[in-house]
Every structure is written in structure tokens, then in C-alpha cells.
Amino acid sequence: MKKIHYYLLLLLFAFAVQPALAQNTLRIEIVPTGTDSFSVIKNGSVPFTMRMHNDSLTDYIDVFDFNYTIDSAGAGSPILYTDTNGTSGLNYFIVTDTIFGQDSVDIGITVNAGEPRFKSGPSVVVIWPIRSNGNITGNQVTFIVNVLDPAGVEEAGETKLRAFRWENNLLIQRQAGVQLNRLRIFDILGREILNKQNPADNTHLPLENHGVYLAEITYNNNQRKVFRFYY
């Protein structure tokens, strides 16, 4: 009889601790899986989806928020944030729903690419869930936000030529009368990735690896301009 009581106590103890474990375990990812970079014009915004998984068999019932850091354009140590001012940072709704066991919820998050939290160039962002009474045990997500400066670079005199990446395309903005002759794309090691004669203003980028690239544009009477962009 004592042995039966002992096993019953163990069983009750197991049921008692299981919800507490579930309350402290979440797994998060950006969907679609594999997305780890976003491009957005400065002072613009871009939405994405964060999926929160409850891999436990028990329901997760809690109110949770997010912490995130931004290392903006390599400007020193990352700064910790927990909210957004509506023009700079990450904007999201605080989650109050139950996440059922072996289920997930999707949370819409918007990158607001304005200063002071974002500056022109690539910024490393790390985000993770928290509770009002402490951190939630689980993973964090790291991704890159590439903030594009729409001002571009002006040529001498009245000739204007600008280029920047938007998603998987290189966009070229030019003043009337500027004739594009050739577009060449190089990686940071100087290897030619693309060589296109008479390019359009919108050229698809056949890039596979993330990193810094150079776009060389030849126009008019063999005039040349080089732009740097991050993919």
C-alpha cells in the first residue's frame, strides 16, 4: 500500500510541475522559414510575421511582450528596446492569446525604419519574447534590416543618377536624358556576378549569398558611377 501511495504522489507531482514547464518554453521563428533579411527605404516600413510555437503538450496561458536590440549600422553596442515610438523600431501587438499545446500563433510585426533606432545601412536586430514577471525560456531570432537611403548620389552638374536595392531587384533612378549603357555587379572580392548591356531601370539580382555588393553603371559617353548595396 505504501508503494502505491508513493507512485500516486509521484504522478500528482508530475502533473503539478508540467504546466509550470509549459509556461516557460516557447520557440519562435520568422515565416516563411529562412527569411533573415529585409530591405526598406529610410523612414518607410516593412511588415513580417513572427510565429510562436508551443512544443509542449500543455497549453501556454500568459501575457507576453518582446525585447529587442538594434545594432544600427555598426554604431557601437546594441541598444535594448521593449517598445516602439511609431516611427522608429518594431511595432507589434502584445500577445494575450492562449497557445494550445503542440500549436502556434502568428504575430504581425512592422519594422519602422526611421531614426534614431535605425540608420542608413544594415542593422542587426535580435528579438525574443518576455513576460511581465521575467524572461521566457526559449530561442531568439536574429535578422538584418537594410535601410536604404533614397537620396542616392548626385553627379556633377545637372546629371543625376541613383541606384539602390529593393527586395531582389536593383532600381536605377535617372534624370531625363541619361542613357544607361551597361550594368555590372561585383561581390566584395571583386568577382563579377552580372554583366548586362543596356539595362532597364529595374534589374533582377541573381544573388545567392548575403553580403556587400558593388553596382557599376556606365552611362552616356562612357561615364561611370559605382554604388554599394547590401543583399
Side-chain angles (χ1 to χ4, degrees), residues 3-40 45-72 74 77-86 88-113 117-118 122-147 167-168 207-211 230-231:
K3 184 176 292 188
I4 294 175
H5 287 166
Y6 174 75
Y7 284 123
L8 286 174
L9 287 173
L10 283 180
L11 186 62
L12 289 173
F13 178 76
F15 278 110
V17 299
Q18 191 175 9
L21 292 174
Q23 289 290 94
N24 292 293
T25 305
L26 287 178
R27 177 171 55 89
I28 61 174
E29 65 177 352
I30 296 175
V31 290
T33 303
T35 302
D36 58 5
S37 65
F38 304 93
S39 292
V40 56
S45 62
V46 58
F48 65 96
T49 301
M50 182 82 72
R51 181 163 294 166
M52 306 193 69
H53 297 268
N54 177 10
D55 294 327
S56 171
L57 295 175
T58 26
D59 299 343
Y60 187 99
I61 305 174
D62 206 341
V63 177
F64 50 86
D65 202 348
F66 294 98
N67 270 348
Y68 63 95
T69 59
I70 301 176
D71 181 10
S72 186
S77 301
I79 301 175
L80 177 66
Y81 299 109
T82 56
D83 59 0
T84 178
N85 59 14
S88 178
L90 303 184
N91 188 32
Y92 51 83
F93 290 105
I94 296 177
V95 179
T96 58
D97 293 336
T98 297
I99 307 179
F100 297 106
Q102 301 287 290
D103 202 356
S104 63
V105 295
D106 288 353
I107 301 162
I109 298 179
T110 301
V111 173
N112 296 312
R117 300 185 182 181
F118 284 103
S123 299
V124 178
V125 181
V126 182
I127 183 170
W128 62 95
I130 61 171
R131 294 186 305 180
S132 58
N133 61 346
N135 287 336
I136 297 173
T137 302
N139 64 318
Q140 60 188 22
V141 172
T142 300
F143 54 95
I144 294 174
V145 176
N146 188 35
V147 180
E167 295 182 345
N168 293 324
L207 306 179
E208 296 181 358
N209 299 320
H210 295 295
Y230 185 87
Y231 177 78

In terms of heavy-atom contacts, Ser123 and Ile70 come closest through CB-CG2, 4.1 Å
Residue set satisfying ring-ring contact (aromatic ring centres under 6.0 Å, His included) with Phe100, at least two apart, ordered chain then number -> none
OG1 (Thr69) and CG (Asn67) are apart, to the nearest 0.5 Å, by 9.0 Å
Do Val141 and Tyr68 make a side-chain contact, defined as non-hydrogen atoms from C-beta onward lying under 4.5 Å apart? no
Across all chains, not counting sequence neighbours, the ring-ring contact (aromatic ring centres under 6.0 Å, His included) partners of Phe66 are Tyr92
So CD of Glu29 and CE of Met50: to nearest 0.5 Å the spacing works out to 9.5 Å
In Val111, Thr110, Val31, the residue satisfying side-chain contact (heavy atoms from CB on, under 4.5 Å) with Phe48 is Val111
Discussion item. If you define the side chain from C-beta out and look only at heavy atoms, does anything of Tyr81 sit under 4.5 Å from Val125?
Written reply: no
Rounded to the nearest 0.5 angstrom, the CD1-CG distance for Ile130 and Leu26 is 12.5 Å
Taken in chain and number order and not counting sequence neighbours, the residues that satisfy side chain to side chain donor-acceptor pair (under 3.5 Å) with Asp106 are Arg51
Between the main-chain N or O of Ile28 and the side-chain N or O of Asn139, is there a donor-acceptor pair closer than 3.5 Å?
yes
Applying side chain to side chain donor-acceptor pair (under 3.5 Å) to Asp55 and not counting sequence neighbours gives Arg27
Note to self: Given 3.5 Å as the limit, does a donor-acceptor pair link the side chain of Asn112 with the main chain of Leu90, or not?
What the structure shows: no
Asp103 meets the side chain to side chain donor-acceptor pair (under 3.5 Å) criterion, sequence neighbours left out, with none
Heavy-atom nearest pair, Thr142 first then Val124, reads CG2-CG1, 3.8 Å
What one should report as the nearest heavy-atom pair of Ser88 and Phe118 is OG-N, 3.6 Å
